[in-house]
Amino acid sequence: QFIFNMEMAEAEAPMVGGQGLSLMGPTVLIHGTDEQKERLLAPTLRGEMLWSQGFSEPGAGSDLASLQTRAVRDGDEYIINGQKMWTSTAHKSNWLFGMFRTDPDAPKHRGISFMVMPQTNNGISVRPIISMGFEHATNETFFEDVRVPANNVIGEVNRGWYVGMTLLDFERSNIAGAVETRRRLRSLIDYLDTDEGRLRAQDRGQRARALIADRWIESEVLFNFSFRIISMQASGLVPNYEASTSKIFSSELSQRTANTGMKTFGLYANIWDRGHELTPLDARFTQLYVHSVVFTIFGGSNEIQRNIIATRGLALPRS
Ligand SMILES: Cc1cc2nc3c(=O)[nH]c(=O)nc-3n(C[C@H](O)[C@H](O)[C@H](O)COP(=O)(O)OP(=O)(O)OC[C@H]3O[C@@H](n4cnc5c(N)ncnc54)[C@H](O)[C@@H]3O)c2cc1C
């Protein structure tokens, strides 16, 4: 799977399967019943079930276990009311998995259940969030008396926190990130060697060379982080603070790479329009500069990743 993902990224092929293939499927394989596996896995593989993730809420991001969206048992069903935040791709998905509070009196990690549900025509509404880079990638999702059959709970009722944590352990090698950084740098180097590139570059001197060389070396480091994580997974170990290290390095490297492109192109880097005749390299560094701001926030912010490294990796006290 790792080699396949690496080859796909090298070929600039679009990612197939989305969160269904990388997160939901492997989680159902571990925690689902035979009936759930049969019902959910094949349609996900065929691309008929497209998934979004409903974990975060307006008051629960870093402190995810504070989530409040309620699921109340009613006969053979649960009735869900509340709001999820940052449900990426929910506007393109037809199924949602998420964590919901089923016992408000239990300690906060204990009263949560993991459920799946179709997104269509059942009281779920999705409202777009447009990013500062003018992208519609994520949403707010509202639940109004959404009825979910009790057999859509994955794993035990009130033990959904642990199902959710299993899910977050998948696909952490992020080999696509390493390949992509390398490809971006290659495109920059090649472009600077063209006539147009020579005209657009505000800096082709020693400083620009040093910056690009630094990024190239860092991309090599990122490959090694990915290899470390995948080799741990291959030996049956669950990467923990190692994945946090890689997430921090990868997200911050994307931001530094964007910054390097911006510095290289100087004032030309202010052109946002991909198609403008003066735009260097389809504005890909300019747009990355804006889009990569969220890289250090989603998937668990980098501050939280640093907390994980401090406590689990370095055994430092929590406070
Ligand atoms: C573009 C985008 C896509 C996303 N997609 C999804 C998705 O599909 N599904 C989903 O469920 N969620 C998604 N998220 C949510 C994401 O996981 C959260 O935004 C993230 O976990 C941070 O939570 P928060 O936004 O509530 O910020 P908060 O938790 O309120 O944090 C605010 C700031 O305080 C810092 N902070 C908080 N607690 C601590 C602490 N203990 N120590 C040090 N610093 C701390 C944080 O690092 C951050 O800088 C997405 C977010 C973004 C921006």
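Ligands are counted one by one from 1 in listed order, and the atoms in each one are counted from 1 as well.
Ranked by closest heavy atom to atom 51 (C) of ligand 1, the top entry among F298, F55, W51, F97 is F298. Looking at G164, G54, S56, it is S56 that brings a heavy atom closest to atom 15 (C) of ligand 1. The heavy atom nearest to atom 45 (C) of ligand 1, out of those in L67, I304, V293, T296, is found in I304. Of the listed residues (S62, S301, S52), the one carrying the non-hydrogen atom nearest atom 31 (O) of ligand 1 is S62. Atom 49 (O) of ligand 1 has its nearest heavy-atom neighbour, among E57, E303, K84, in E303.
Under the 4.0 Å criterion applied to side-chain N and carboxylate O atoms, R147 and D74 are assigned as salt-bridge partners.
Under a hydrophobic-cluster definition in which Ile, Leu, Val, Met, Phe, Trp and Tyr are linked whenever side-chain heavy atoms come within less than 4.5 Å, directly or via other members, L29 and W51 are assigned to the same cluster.
Looking at L64 against ligand 1, nothing comes within 4.0 Å, counting heavy atoms.
In terms of protein heavy-atom proximity, atom 25 (O) of ligand 1 is nearest to W86 NE1, 3.9 Å. With respect to atom 24 (P) of ligand 1, the closest heavy atom belonging to the protein is G61 CA, 3.9 Å. Of the protein's non-hydrogen atoms, N307 ND2, 3.0 Å is the one closest to atom 42 (N) of ligand 1.
Listed by first then second residue, pairs satisfying salt bridge (Lys or Arg N to Asp or Glu O under 4.0 Å) with a partner in residues 94-111 read D63-K108, not counting sequence neighbours.
Side chain to side chain, S219 and R182 meet the donor-acceptor criterion of an N or O pair below 3.5 Å.
Near I297, the atoms of ligand 1 lying under 4.0 angstrom from a non-hydrogen atom of the residue are 19 (O), 20 (C). The contact set between ligand 1 and S88, taken as ligand atoms under 4.0 Å from a residue heavy atom, comprises 3 (C), 4 (C), 5 (N), 6 (C), 7 (C), 8 (O).
Between F142 and Q83 the shortest heavy-atom distance is CE2-CD, 3.5 Å. Taking all atoms of both residues into account, the shortest heavy-atom contact from M117 to I80 is CE-CD1, 3.6 Å.
In the displayed structure, L199 atom CG is contacted under 6.0 Å by more than 12 heavy atoms of other residues, nucleotides or ligands.
Remark: K247 fails to qualify as a cation-pi partner of F295 under the 6.0 Å distance and 45° angle criteria applied to the six-membered ring. Y268 carries R200 over the face of its six-membered ring, with the cationic atom under 6.0 Å from the centre and within 45° of the normal.
Of the N or O atoms in Q53, one or more lie within a sub-3.5 Å distance of an N or O in ligand 1.
Checking atom 34 (O) of ligand 1 against the protein gives no heavy-atom contact under 4.0 Å.
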